[in-house]
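In what follows, every heavy atom counts, from backbone to side chain, and hydrogens, waters and symmetry copies are set aside. Atoms within each ligand, like the ligands themselves, are counted from 1 in listed order. Keep in mind that this is a model prediction, so the values were computed, not measured.
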Amino acid sequence: MSFEKKLDKTKIPNHIAIIMDGNGRWAEKHKRERTFGHENGIKAVREAIEGAAEIGIKFLTLYAFSTENWNRPKEEVYMLMNLMVRSIENESKEILKNNVRIKSIGDINRLMPETLFSLQKIIEESSKNTGLTVVIALSYSSRWEITEMVKNIAEKVKNNEISIENITEKIISEHLSTYFMPDPELIIRTSAEKRLSNFLMWQASYSEFAFIETLWPDFTKETLFETISDFQQRERRFGKTGKQVKDEQ
Ligand code: FPP
């Protein structure tokens with residue numbers, strides 16, 4: 001039976017974030033260049049977006065390129081930036097037709113002008129869509145984001161717009177680049193690596209983690225549904241006892 005049928009439709013997470021990992025190893029397995037792995041990763045991006053839209057997830061965040069990824073060989077960085085442009089252009093019709101809204105988080109000023117242009121274009125064109133929001137984390141890292149948030153709040157304190165006593169967790173969340181969405185209930189990382197790698201560190205405080213074996217290019221809708229089905233079996237306690245959680249239900 002498909003895992004989609006097993007899903008409890010009343011317990012679909014609002015926000016899932018994915019660390020797409022294993023493109024290089026997938027290419028190696030197929031005796032091809034790393035770039036072949038990234039090309040095939042796009043198919044998996046499509047699967048993840050379609051699957052998420054199908055079951056009514058509100059936000060899907062995809063870690064496409066980290067601050068640290070800028071340190072990869074120049075050719076690979078260039079290839080990835082071009083791949084993003086091509087994918088966004090190829091998929092834009094489908095994105096708009098399917099009422100998907102695209103947003104991004106990260107230091108986009110570092111992007112190549114062509115990448116920045118196509119990203120901003122699709123963000124603008126899809127801004128009124130009301131279905132699934134796909135958030136592309138591009139040139140993103142949590143430490144970058146937290147540093148920006150501190151600078152931003154410090155500036156407001158200096159200008160007497162916020163007093164130190166009024167800085168709360170809520171104020172901090174509102175000054176992060178993810179201010180427009182809830183924290184992810186579930187973070188998936190493919191390729192059996194068990195690390196957060198500078199991704200959504202503040203937002204992941206109470207997230208469930210799924211570290212799955214699948215290499216990113218092999219990720220399908222079915223992989224997504226199976227992972228969510230496993231997530232639905234877990235009890236999320238947020239620091240409370242199991243009994244307290246049951247009594248509240
Ligand atoms: C990790 O595999 C993957 C990346 C660094 C790139 C992922 C980006 C895409 C699939 C493109 C996304 C595009 C859009 C438009 C969202 P790796 O190279 O680290 O694999 P390895 O650990 O096996 O070497």
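- Protein heavy atom nearest atom 24 (O) of ligand 1, with residue, atom name and distance: Arg34 NH1, 3.0 Å.
- Residue Gly24 places at least one N or O, backbone or side chain, under 3.5 Å from an N or O of ligand 1.
- A salt bridge links Arg234 with Glu208: the closest approach of a Lys/Arg side-chain nitrogen to an acidic carboxylate oxygen falls below 4.0 angstrom.
- Considering backbone and side-chain atoms together, Ser87 places no N or O closer than 3.5 Å to any N or O of ligand 1.
- The pair Lys151-Glu148 counts as a salt bridge, with a side-chain nitrogen and a carboxylate oxygen less than 4.0 angstrom apart.
- Residues satisfying the side chain to side chain contact (heavy atoms under 4.5 Å, CB included) criterion with Lys170, sequence neighbours excluded, are Thr168, Glu174.
- For atom 14 (C) of ligand 1, the nearest non-hydrogen atom of the protein is Met84 SD, 4.2 Å.
- For atom 10 (C) of ligand 1, the closest non-hydrogen atom on the protein side is Asn23 ND2, 3.7 Å.
- The ring-ring contact (aromatic ring centres under 6.0 Å, His included) search around Phe199 returns Tyr63, not counting sequence neighbours.
- For ligand 1, the atoms sitting less than 4.0 Å from at least one non-hydrogen atom of Arg72 are 5 (C), 17 (P), 18 (O), 19 (O), numbered in the order shown with element in parentheses.
- The closest approach between a heavy atom of Ala64 and any atom of ligand 1 is below 4.0 Å.
- Not a single heavy atom of Glu28 sits closer than 4.0 Å to an atom of ligand 1.
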